[in-house]
Amino acid sequence: MIDFLRTLPLDGIDMLVSWNGSRVQVRDPRNDRLISESAALGAITGLTVCPVAWRDPLIATGTGDGAGWLEPRSGVAAHPDSPAGALGGMAAWAGTLLAGTSADPFMLIRWDAGTGARLEPLGRHEDQVTALAVVDLPDGPIVCAGDRTGAIRRWDPRTGARAGLPLVVGDDIIRAITPVLLPDGRRLIAAATADLHRWDATTGEPIGVPVVVDSAAVHSLDAVLVNGRVELITAGSDEVVRRWDAATGEPVGDPMPGRSATVLHRYGQLTLAVGTLTGAVDLRPLGQPHPDRRT
């Protein structure tokens, strides 16, 4: 079964990065060709792709001991492992990897993705960080860190200062966060517990009521523009992938079985990739082909 699924750009092609419970693999979704495969790894707590300005993007993994780094073309270690204790949520921003520690003092740690060097921590969270995302606003980026208490705290990654009051969903664990840019220019913060929650990213005001997903826990959340409408793609512990209108919260299309999901371009076609229960990846077209994309 595929528990993590990510998109990685390589030579102008959207590649698929997956974790099958033992190894990290990179495949070309056009023909399912295996590009690279890591050595057998222990359990991982997170998987993200870190863009680096002067080299290929790197694959970062979170473990019970810290962060690991993989080269996408070979699957070998790009840097030595970075001890930091057990890691929770992870996100990439401006050539750095951000991650929250799972034990007190619950630090938000940063690494230089290009060198693997550990940087000064961003700050200290109040509880175990379970989800991270970076939201780009007109005044600058904001790091959103969700935790086990149901709160999202926001930070300025340039200064380490807090940005506004916490966004609170109750006492449910925040398991995923994603930024949303609507066609009318509004920017939202979307977060997942067992439900979907949305806020205005500038004011912090909630948008509508929580959307019931019918899953004990949503652990994957992505936003994508499809035919002029922004959709939220969720994957939950009930092993179902769903699509939602990000502005209204209404469901889109039919649910489909799967443990994980990501969105990529394949031969110019916006495509939903679903990690199935059998360990395969199901590719489903979304929207219309882009006339300028050939790969």
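Note: hydrogens, waters and symmetry copies are ignored here, and every other heavy atom, side chains too, is used.
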- Task: Report yes or no: do I207 and L167 belong to one cluster of Ile/Leu/Val/Met/Phe/Trp/Tyr joined by side chain heavy-atom distances under 4.5 Å?
- Result: no
- Message: Strictly distance-based, threshold 3.5 Å: is any side-chain N or O of T149 a donor or acceptor partner for the main-chain N or O of D147?
- Response: no
- Note on the structure: Taken to the nearest 0.5 Å, the spacing of T248 OG1 from R229 CZ works out to 8.0 Å
- Ion pair R162/E126, N-O distance below 4.0 Å: yes
- In chain order, what residues pass the salt bridge (Lys or Arg N to Asp or Glu O under 4.0 Å) check against E37, with sequence neighbours excluded? none
- Work out which heavy atom in R259 is nearest to a heavy atom in L277; give both atom names and the distance. CG-CD2, 3.6 Å
- Item | Flag, side chain of R198 to backbone of A247, donor-acceptor distance under 3.5 Å | yes
- Nearest heavy-atom neighbours spanning C50 and A60: SG-CB, 4.0 Å
- Item | Nearest heavy atoms of R6 and F4, plus distance in Å | NH2-CD2, 3.6 Å
- Message: Any carboxylate oxygen within less than 4.0 angstrom of a Lys/Arg side-chain nitrogen, looking at R73 and D11?
- Response: yes
- Pairs in or reaching into residues 93-121: which pass salt bridge (charged side-chain N to carboxylate O under 4.0 Å, His left out), with residues at least two apart or in two chains? D104-R124
Less than 3.5 Å apart, which donor and acceptor atoms pair up between the side chains of residues 129-141 and the rest of the protein, not counting sequence neighbours?
unit_1 : atom_1 : unit_2 : atom_2 : d
T130   : OG1    : G146   : O      : 3.3
T130   : OG1    : I174   : O      : 2.3

- Query: T7 and T262: side-chain donor and acceptor closer than 3.5 Å?
  - Reply: yes
- Under the salt bridge (Lys or Arg N to Asp or Glu O under 4.0 Å) test, which residues partner D156, sequence neighbours left out? R158
- Message: Quick check on the hydrophobic clustering: are L283 and L272 connected, directly or via other members, by side-chain heavy-atom contacts under 4.5 Å?
- Response: no
- What pairs with D282 under salt bridge (Lys or Arg N to Asp or Glu O under 4.0 Å), at least two apart in sequence or on another chain? R284
List the atom pairs, donor and acceptor, that lie under 3.5 Å between side-chain atoms in residues 40-49 and the rest of the protein, sequence neighbours left out.
unit_1 : atom_1 : unit_2 : atom_2 : d
T45    : OG1    : G62    : O      : 3.2
T45    : OG1    : L87    : O      : 2.9

- Search all heavy atoms of G258 against all heavy atoms of V274 and return the closest pair with its distance. CA-CG1, 3.7 Å
- Among V17, D56, L264, L58, the one residue meeting side chain to side chain contact (heavy atoms under 4.5 Å, CB included) with L8: V17
- Minimum heavy-atom distance between L232 and A246, given as atom pair plus value: CG-CB, 3.8 Å
- Query: Going by distance alone, is a donor N or O of one side chain under 3.5 Å from an acceptor N or O of the other, for T63 and D65?
  - Reply: no
- Query: Under 3.5 Å, is there a donor-acceptor pair between the side chain of S36 and the main chain of P72?
  - Reply: yes
- Check: S38 main-chain N/O paired with R23 side-chain donor or acceptor under 3.5 Å: yes
- Task: For residues I2 and S18, report the shortest heavy-atom separation together with the two atoms involved.
- Result: CG2-CB, 3.9 Å
- Query: With under 30° as parallel and over 60° as perpendicular, where do the rings of W155 and H125 fit, or are they tilted in between?
  - Reply: tilted
- Message: I'd like to know if the side chain of R175 and the backbone of V218 have a donor-acceptor N/O pair within less than 3.5 Å.
- Response: no
- Check the pair W93 / V143 against side-chain contact (heavy atoms from CB on, under 4.5 Å), numbers first and verdict last. CA-CA 9 Å; W93 173 74; V143 174; 5.9 Å; no
- Query: Just by modelled atom types, is the G66 backbone N or O under 3.5 Å from a matching donor or acceptor in the S82 side chain?
  - Reply: no
